Trainee: 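Pasting a structure below so you can have a look.
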Amino acid sequence: MDNRKIELIEHGMVFDHLTFATGGRVFDVLSKYAWIDGFYPIMVGSFPSKSKGRKDVAKLDGLHLAEGTGAMNEIALLSPEATVSWIDHGQVLRKKKAWECLAPLVTSRLIECPNANCITHEEAPPTFRVQQRQPLSLECVYCKRSFMR
Amino acid sequence: MSWPRSILSIADFSPADVTHLLDLARTVKASPGAYQQHMRNRYLALLFFEPSTRTYTSFRNAMTRLGGGVSMEFREPKGTSLEKRESVASTLAMAKEYGSDGIVIRHPRDGAAAYAAEVTDLPVINGGDGYNEHPTQNLLDLFTIHERFGRLDHLIFLFFNDLKFGRATRILAHLSLYPGNRFFFLSHPAVGLPEQFKSLLDARSCTWEESFDPADFPRFLAASHVAYGSRTQEERFPQTAEGRETLKHVRGSVVLRASLLPAKKDLVVMHPLPMDKDFPCIARDVDSLPVAYWNHQAGNGIPVRQAMLLLTLGGAHGQ
Ligand SMILES: [Zn+2]
């Protein structure tokens, strides 16, 4: 079923196996960057998954995002185990796990430092160093607290 | 790494960095008169977003004794609301405009000093950030230990009372770098040494022993060179019925008394101060004994901070 949906895209990206219920937030991320870059449309749906019960799928029509850039980083933070495919002429160009597409240092307000006393909750932009990719483990660059995603 | 640079965390220091700093601190302490002009026409900003009388006073003293000035200073009273607090970034911008050559920042939030170092190009000295780091305390402790024993290796340390929330235990990140150091930990189980420190000690193949039984005090003391007590950080306990109940059991559960001390032994008892007035982890009967080292330790805060300023603000001894 999913394969058929992927084929519907001529040029763009598919974010498959998104953690259930993160699809909406991935959609928000794509919309935010789409608005900046002026591309669209974006479609999102929720499907049954063999391994995890349910999964979300999002698609980006007409544009390829590069690894380690803004939207890619935020999607990887939201759903590190998602599968990212780049599609061109209806064919899958390449496929990666979202955690492979994450920059070594990411600044994002999508996730919070779990240390309630951290300066990021008052002033500093939440910034995290990737300590380990699978399973994803991050370290706050300010208070040095490590945590799993 | 080389001097001058910011002082953010004790974990950033190599033994060579510390040796360099302690050598200079020793020289300054021996002949303070020789350094009266080294900071002439240089200005330090003292930005205390939470009060700390000892840290504030010793930095102010250190700077003025080097002939330097203070460009900007404030000490926020306890209980200042988060809403009213000026932002770190805008305060640093102002400190720069006031002609500061360096910053000392104390802030109740963890990571505030690292953030400050990111938003300013001035050298930043961390005067304590929340429950995170207090490197200038760690460095003056290292100075005091070295001054007493002539080395930082092959020593035995006993850390006692609050090992969970006290920042003085951060010194382990440095002491564990030297060969032959051994560590004892004695506390109430609710405030035991955090796992991160235990893994660090294991990773560096250090020998350590943990106990929650005050009956182990005499044995640990008899073996140790340094007994280091930390005040119970009552403000860190949850404000719940359960939290208050735990605090009741923790406070006063580990107390070093004169009767526990070995008869004759090379031992110093240290404490970062202030002591808990109502539940001190070192009993009053230790105050007058030669092992009582905490006031001397606090006094070392001035020459050690003088050395930090000389190195950090790029004075004559910066490299
Ligand atoms: Zn943090």
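None of these values were measured; they are calculated from a predicted model. Residue numbers start from 1 in every chain, and the chains themselves are labelled A, B, ... in the order their sequence lines are given, proteins ahead of strands.
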Trainee: Please state whether the side chain, the backbone, both or neither of Ala89(B) comes within less than 4.5 Å of a heavy atom of chain A.
Mentor: both
Trainee: I'd like to know if Arg109(B) and Glu123(A) make a salt bridge, using a cut-off of under 4.0 Å between side-chain N and carboxylate O.
Mentor: no
Trainee: What part of Asn115(A) gets closer than 4.5 Å to chain B, counting heavy atoms only: side chain, backbone, both or neither?
Mentor: side chain
Trainee: Just by distance, no angles: are the side chains of Glu81(A) and Gln134(A) close enough, under 3.5 Å, to form a donor-acceptor pair?
Mentor: yes
Trainee: Would you mind checking if Lys144(A) and Glu133(B) are paired as a salt bridge, meaning a charged N to carboxylate O distance below 4.0 Å?
Mentor: no
Trainee: Would Arg106(B) count as a cation-pi partner of Phe48(B), with NZ or CZ less than 6.0 Å from the six-membered ring centre and within 45° of the ring normal?
Mentor: no
Trainee: Identify which of Asn132(B), Val88(B), Asp129(B) forms the greatest number of heavy-atom pairs closer than 4.5 Å to chain A.
Mentor: Val88(B)
Trainee: Only pairs of heavy atoms separated by less than 4.5 Å count here; which of Cys140(A), Cys113(A), Cys143(A) has the most with chain B?
Mentor: Cys143(A)
